[in-house]
S.K.: 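Structure provided below as structure tokens; questions to follow.
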2 protein chains.
Amino acid sequence: MSKSLSLTPVETVACCSPLTKEPLSHEQAERIAPLVKALADPVRLRLLSIVASHADGEACVCDLNDAFDLSQPTISHHLKVLHEVGLLDREKRGVWVYYRVDAGALRDLGALLGGVVG
Amino acid sequence: MSKSLSLTPVETVACCSPLTKEPLSHEQAERIAPLVKALADPVRLRLLSIVASHADGEACVCDLNDAFDLSQPTISHHLKVLHEVGLLDREKRGVWVYYRVDAGALRDLGALLGGVVG
DNA sequence: TGAATACATTGACAACTGTCTATGTGTGAT
DNA sequence: ATCACACATAGACAGTTGTCAATGTATTCA
């Protein structure tokens with residue numbers, strides 16, 4: 001895996017001490033913020049929790065659309081945000097697209113915030 | 001402590017299962033999101049980490065202002081956001097105002113996201 | 001009382017975000 | 001081939017957010 005600027009936010013988070021241990025550098029904060037920002041929306045929080053707790057750990061977009069009173073493009077948009085930041089994996093099977101939570105990413109983020117050692 | 005709508009986001013988070021355990025309700029997501037949103041900014045992430053890792057667990061605004069290349073009102077604004085959501089406690093002593101991290105709040109949020117049982 | 005210091009509040013403005021409608025793209029079935 | 005379906009993308013628009021300069025409010029000291 002590359003060490004370059006193309007690190008996804010998720011990859012960045014994995015290697016930081018807990019927030020409360022030592023001050024975050026400017027660069028660390030700039031990289032972590034997008035990941036937290038991706039979670040900072042009620043719809044995306046629900047999307048993530050629905051996917052995570054779904055049978056087989058994955059859910060197709062059609063299931064997700066039904067869970068909200070929002071247009072399909074809006075759900076698609078939120079899924080894209082979560083995917084781009086590395087919290088959700090995508091897989092297309094036939095006509096359907098299945099999303100799956102990157103459990104390690106969530107765990108690392110939790111550790112970073114909560115103070116549990118990663 | 002009241003069970004009413006006046007729950008601070010921090011109080012709300014403390015009582016939820018991890019994100020990945022079961023789907024968040026609409027109401028839960030609406031309450032948790034502001035807390036995550038408060039963290040979803042690089043400046044606020046750094047502010048929190050600086051305060052948390054400071055000697056005695058507290059820092060005065062003057063220290064914080066010096067750590068950033070931003071105007072004093074801007075820092076004041078970010079501190080207010082973190083305070084209103086319950087992540088930072090304020091205490092005025094003389095002319096100075098000291099901020100302190102609510103460690104439990106951060107821990108609960110980490111548990112909620114990371115999946116560690118609260 | 002007056003001046004200086006530490007911090008908060010206000011108001012303004014550009015940038016970003018969430019949502020929608022309309023449209024595009026790929027896949028499977030007839 | 002054509003049609004229907006599942007999902008993504010584009011463009012538009014209102015609401016929110018981060019920042020600053022200017023101003024307000026306590027508090028201490030002289």
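Chain letters run A, B, ... following the sequence lines, proteins first, then strands; residues in each count from 1.
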S.K.: Let me see the working for Leu64(B) and Leu79(B) under side-chain contact (heavy atoms from CB on, under 4.5 Å), right down to the final yes or no.
M.R.: CA-CA 10 Å; Leu64(B) 300 172; Leu79(B) 288 170; 3.9 Å; yes

S.K.: Considering only residues two or more places apart or on different chains, which pairs with a residue in residues 67-81 of chain A satisfy salt bridge (charged side-chain N to carboxylate O under 4.0 Å, His left out)?
M.R.: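 Sorted pair list comes back empty.
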
S.K.: Apply side-chain contact (heavy atoms from CB on, under 4.5 Å) to Asp102(B) and Leu88(B), showing your working.
M.R.: CA-CA 6 Å; Asp102(B) 182 331; Leu88(B) 283 184; over 6 Å; no

S.K.: Using whole Å, report how far CG of Leu45(B) lies from P of dG18(D).
M.R.: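 Distance, rounded to whole Å: 11 Å.
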
S.K.: Could you check how far CG of Asn65(B) sits from P of dC20(D), rounded to whole Å?
M.R.: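 Going from CG in Asn65(B) over to P in dC20(D) covers 11 Å.
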
S.K.: Over how many whole Å does the gap from Asp66(B) atom CG to dT5(C) atom C1' extend?
M.R.: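 Nearest whole value for this atom pair: 14 Å.
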
S.K.: Nearest whole angstrom, please: distance from the P of dT5(C) to the CG of Asp63(B).
M.R.: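 Taking atom P of dT5(C) as the reference, CG of Asp63(B) is at 17 Å.
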
S.K.: Which pairs count as disulfide bond (SG atoms under 2.5 Å apart) when at least one residue sits in residues 24-85 of chain A, sequence neighbours excluded?
M.R.: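 Matches after skipping sequence neighbours: Cys60(A)-Cys62(A).
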
S.K.: Only counting residues at least two apart or in another chain, list the ones meeting side-chain hydrogen bond (donor to acceptor under 3.5 Å, both in side chains) with Ser76(A).
M.R.: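 So Ser76(A) forms no side-chain hydrogen bond (donor to acceptor under 3.5 Å, both in side chains) with any residue.
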
S.K.: Disulfide bond (SG atoms under 2.5 Å apart): which pairs involve residues 72-111 of chain B, sequence neighbours left out?
M.R.: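 Qualifying pairs: none.
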
S.K.: Provide, to the nearest angstrom, the distance between the CG atom belonging to Leu70(A) and the C1' atom belonging to dC7(D).
M.R.: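 Nearest whole value for this atom pair: 16 Å.
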
S.K.: With rounding to the nearest 0.5 Å, note down the distance linking CG in Leu106(B) to CG in Leu39(B).
M.R.: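 Taking CG in Leu106(B) and CG in Leu39(B), the distance rounds to 6.5 Å.
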
S.K.: Bend across the helix from dT1(C)-dA30(D) to dT30(C)-dA1(D), to 10°, with axes taken over 5 pairs at each end?
M.R.: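 Its terminal axes enclose an angle near 20°.
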
S.K.: For nucleotides 25-30 of chain C, print each protein N/O atom paired with a nucleotide N/O atom at under 3.5 Å, atom names and distance only.
M.R.:
none

S.K.: With disulfide bond (SG atoms under 2.5 Å apart) as the rule and sequence neighbours excluded, what pairs involving residues 65-110 of chain B come up?
M.R.: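 Listed by first then second residue: nothing to list.
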
S.K.: What are the two closest non-hydrogen atoms of Val85(A) and Pro34(A), and how far apart are they?
M.R.: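 Heavy atoms only, the tightest pair is CG2-O, 3.7 Å.
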
S.K.: For dT17(C), take OP1 and OP2 only and decide whether either is under 4.0 Å from a side-chain N or O of His78(A).
M.R.: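 Answer no for this pair, as no side-chain N or O of His78(A) is under 4.0 Å from OP1 or OP2.
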
S.K.: With the criterion being N/O to N/O and under 3.5 Å, what pairs connect the protein with nucleotides 8-17 of chain D, and how long is each?
M.R.:
unit_1: dA8(D); atom_1: OP1; unit_2: Arg90(A); atom_2: NH2; d: 3.4
unit_1: dA8(D); atom_1: OP1; unit_2: Tyr99(A); atom_2: OH; d: 2.8
unit_1: dA8(D); atom_1: OP2; unit_2: Ser76(A); atom_2: OG; d: 2.6
unit_1: dA8(D); atom_1: O5'; unit_2: Ser76(A); atom_2: OG; d: 3.4
unit_1: dA8(D); atom_1: N7; unit_2: Gln72(A); atom_2: NE2; d: 2.8
unit_1: dA8(D); atom_1: N6; unit_2: Gln72(A); atom_2: OE1; d: 3.3

S.K.: Under the side chain to side chain contact (heavy atoms under 4.5 Å, CB included) rule, collect the residues that match up with Val81(A), sequence neighbours excluded.
M.R.: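 Applying side chain to side chain contact (heavy atoms under 4.5 Å, CB included) to Val81(A) gives Ala38(A), Arg44(A), His77(A).
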
S.K.: What is the separation between atom CD on Glu84(B) and atom P on dA8(C), rounded to the nearest whole Å?
M.R.: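 Rounded to the whole Å, the gap is 11 Å.
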
S.K.: Please, which pairs that meet side-chain hydrogen bond (donor to acceptor under 3.5 Å, both in side chains) have at least one residue in residues 46-64 of chain A, sequence neighbours excluded?
M.R.: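 Qualifying pairs: Glu58(A)-Arg93(A), Glu58(A)-Arg100(A).
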
S.K.: For Phe68(A) and dG18(C), what is the distance between atoms CZ and P respectively, to the nearest whole Å?
M.R.: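 To the nearest whole Å, that distance equals 13 Å.
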
